[in-house]
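Just so it is clear: chains get the letters A, B, ... in the order the sequence lines come, proteins before strands, and each one is counted from 1. Being a predicted model, the structure only gives us computed values, none of them experimental.
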Amino acid sequence: MFALVDCNNFYASCERVFNPALRNRPVIVLSNNDGCIIARSEEAKALGIQMGTPFFKCREMLERYKVVVFSSNYPLYGDMSSRVMTTLSALAPEIEMYSIDEAFLDMSSFKRYDLAAYAKHIRKSVRQYTGIPVSVGIAPTKTLAKVASRLAKKRPEYQGVCLLDTHDAIRSALQITKVEDVWGIGRQSSRLLHAERIETAADLADASAAWVRKHLHIVGSRIQAELNGESCLAMELVRPVKQSICTSRSFGRNVTTKEELEQAVATFAGKCAFKLRKEKALASMVTVFIGTSAFDEKDEYWGTQTVSLCYPTQDSIALLRASHLLLDALFKGGYAYKKAGVIVSGIVPEQSACMTLSLFHDEQESRNEREKKLMEVMDGINGRYGRGAVRLAAEHSEGWKPNQERLSPCYTTRWGDIIEVNV
DNA sequence: TCTGGGGTCCTAGGACCC
DNA sequence: TCTGGGGTCCTAGGACCC
């Protein structure tokens, strides 16, 4: 058996934990750059506020209903997430952190337990230790656990817990679940399925296996098998090394000069390098992309270019140099740029034996050592005195900084913010 | 005026090998 | 000039997830 523990309205709930005045009030959280709505409390959902709505389109309505609006505060959500995960780790022998607000728990060794009672215990514990409300779904496969947790969350009569442990319970759960709400069935597949009169999860479970294999491919076949109780997706206990790391942002205003784009791209390259060092990994390719607003059709430009590095690196300066060369090739004057990003890929572990060696071996060794020490010192200072205490001179955010007008304090990760709260 | 960011996996098709 | 069978690797694009 698998349990899926899913935090309710996670970002909105995080904002509430440290601000009790927000209880029972509609709360929403905006995407980066205060662009669109990405999280809503139950009260906000009840007002009919839709996920993904652009902020500017519903601003008036939000004010009218006195909805509390936050910019997204990822340091806070990341820290709250690890508190939830730590709590869950003590409640099951094995846990897979599936996303920032969800985890699968291995329940196979709980056969002699009352699983429904245990799910309630999980729910109560997370609430008590972190302040975050969660829903728990338990079932024989991951896909069914997803179905269960969704019902636990949507249907008040379940009180946050749904156990699917008998054939009948599974069947009726599948019958009340629309096929597009099944994990792994997206927009395209739903369209295809509806055209075949496959409307519910139960219909998909019963559909011709050959048809599913032909039209939804191997992924769809696995979903179908999982709905029928055959477990195809195992617990993934160790997170595999990332294959690519991306840092990108929309700009707070239009950016027209190359200098400002250089500053943005330098900042993203530095951030990618930092993420690589945190992953204990090296990258061997760099991609830079820049673009105008996706909503400005008449003056559109979207450029992307990739370069292979001579040898894999996690050095901020090396990635910055490569990124600037790519930007040189991409930049075209006369456009109002709205977004840029850096992606590093071809990632190998730091201690990898298959690292490409330079022809000039000795030179590379000493250079790598110097780079490495410099980055260690930089990360050390920033770890102690706060992000951005030291940075490369090319990193700058004046011109392009995303909007973040409604940011809450970093209650759990910054001393300065806590003091501010007390005052 | 204003519309997010960060990922993974799979497939098809091309180029190439013996 | 015609002809077979089996394989790998890479890339672009699509679909999906949170």
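- Computed from coordinates, the A:K271 NZ to B:dG7 C1' distance equals 16 Å when rounded to whole Å.
- Of the side-chain N and O atoms in A:S250, one or more sit less than 4.0 angstrom from OP1 or OP2 of B:dG5.
- Within 4.0 Å (heavy atoms only), A:R59 reaches no atom of the nucleic acid at all.
- Residue A:S248 has no polar side-chain atom (N or O) positioned under 4.0 Å from OP1 or OP2 of B:dG4.
- Distance A:F289 CZ to B:dG7 P: 11 Å, rounded to the nearest Å.
- Nucleic acid contact for A:T53: none, since no nucleic acid atom lies under 4.0 Å from a heavy atom of the residue.
- Distance from the side chain of A:K146 is smallest for C:dC18 among the nucleotides C:dC18, B:dG4, B:dG6.
- Among the protein residues, A:N33 comes within range of no part of the nucleic acid, since none of its heavy atoms lies under 4.0 Å from any strand.
- In this entry the distance linking CE of A:M51 with P of B:dG4 reads 12 Å, nearest Å.
- Side-chain contact of A:S316 with A:R391: a donor-acceptor pair under 3.5 Å is absent, judged by distance alone.
- Of the candidates B:dG7, C:dC18, B:dT3, the closest approach to any side-chain atom of A:S99 belongs to C:dC18.
- Closest to the side chain of A:K338, from the set B:dG5, B:dC2, C:dC16, is B:dC2.
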Set out, line by line, the N/O atom pairs under 3.5 Å between protein and nucleotides 9-13 of chain C.
none

Task: From CA spacing to verdict: side chain to side chain contact (heavy atoms under 4.5 Å, CB included), A:V286, A:L319 - done: CA-CA 7 Å; A:V286 184; A:L319 292 177; 3.5 Å; yes
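- Atom pair A:E102:CD and B:dG6:P shows a separation of 19 Å (rounding to whole Å applied).
- Remark: the backbone N or O of A:A281 is paired with a side-chain donor or acceptor of A:Q314 at under 3.5 angstrom.
- Comparing B:dG6, C:dA15, B:dG4 against the side chain of A:R249 picks out B:dG6 as the nearest.
- Heavy atoms of A:I245 sit under 4.0 angstrom from primed sugar atoms or phosphate atoms, though from no base atom.
- Judged by distance alone, with hydrogens and angles left aside, the side-chain atoms of A:S308 form no donor-acceptor pair with the main-chain N or O of A:M285 at under 3.5 Å.
- Whole-Å rounding puts the A:R239 CZ to B:dG6 P distance at 15 Å.
- With rounding to whole Å, A:Y11 atom OH is found 13 Å from B:dG5 atom P.
- Comparing C:dC17 with B:dG4, their C1' atoms are spaced 15 Å from each other, to the whole Å.
- Put simply, the side chain of A:F55 reaches to within 4.5 Å of the side chain of A:L62, judged on heavy atoms.
- Heavy atoms from other residues, nucleotides or ligands lying under 6.0 Å from CD of A:Q175 number more than 12.
- Counting only heavy atoms from C-beta on, A:K242 has its side chain closest to B:dG7 among B:dG7, B:dG5, C:dC17.
- Within the nucleic acid shown, A:R253 has no heavy atom closer than 4.0 Å to any nucleic acid atom.
- Enclosure of atom CZ in A:R387 is not indicated, since only 12 or fewer non-hydrogen atoms of other residues, nucleotides or ligands lie within 6.0 angstrom.
- Judged purely by atom type and a 3.5 angstrom limit, A:T306 has no side-chain atom pairing as donor or acceptor with the backbone of A:T287.
- Nucleic acid contact class of A:F55 (heavy atoms, under 4.0 Å, all strands): none.
- Within the nucleic acid shown, A:S189 comes within 4.0 Å of sugar-phosphate atoms alone, with no base atom in reach, counting heavy atoms only.
- Here the side chain of A:D101 pairs no donor or acceptor atom with the backbone of A:D6 at under 3.5 angstrom.
- Atom CD1 of A:I100 and atom C1' of C:dC17 are 14 Å apart (whole Å).
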Task: Under the 3.5 Å Watson-Crick or G-U criterion, the dot-bracket string of DNA chain B, with | for inter-strand pairs - done: ....||||||||||||||
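- Salt bridge present: A:K146 and A:E102 bring a charged side-chain N and a carboxylate O closer than 4.0 Å.
- For A:S135 and A:N8, the side-chain atoms include at least one donor-acceptor pair closer than 3.5 Å.
- Set against C:dC17, B:dT8, B:dT3, the side chain of A:Y98 has C:dC17 as its closest nucleotide.
- The residue A:D101 sits close only to the backbone: its heavy atoms come under 4.0 Å of sugar-phosphate atoms, none of a base.
- Other residues, nucleotides and ligands place more than 12 heavy atoms under 6.0 Å from the CD atom of A:E376.
- Residue-level contact check: A:V182 touches the backbone only, with heavy atoms under 4.0 Å from sugar-phosphate atoms and none from bases.
- Residue contacts shown for A:R222 are limited to sugar-phosphate atoms, with no base heavy atom under 4.0 Å away.
- Taking atom CD of residue A:E236 and atom P of nucleotide C:dC17, one finds them 16 Å apart after rounding to whole Å.
- Here A:T247 lies in heavy-atom contact (under 4.0 Å) with sugar-phosphate atoms only.
- Nearest-nucleotide mapping onto DNA chain B: of A:P240 and A:G52, the residue sitting toward the 5' end is A:G52.
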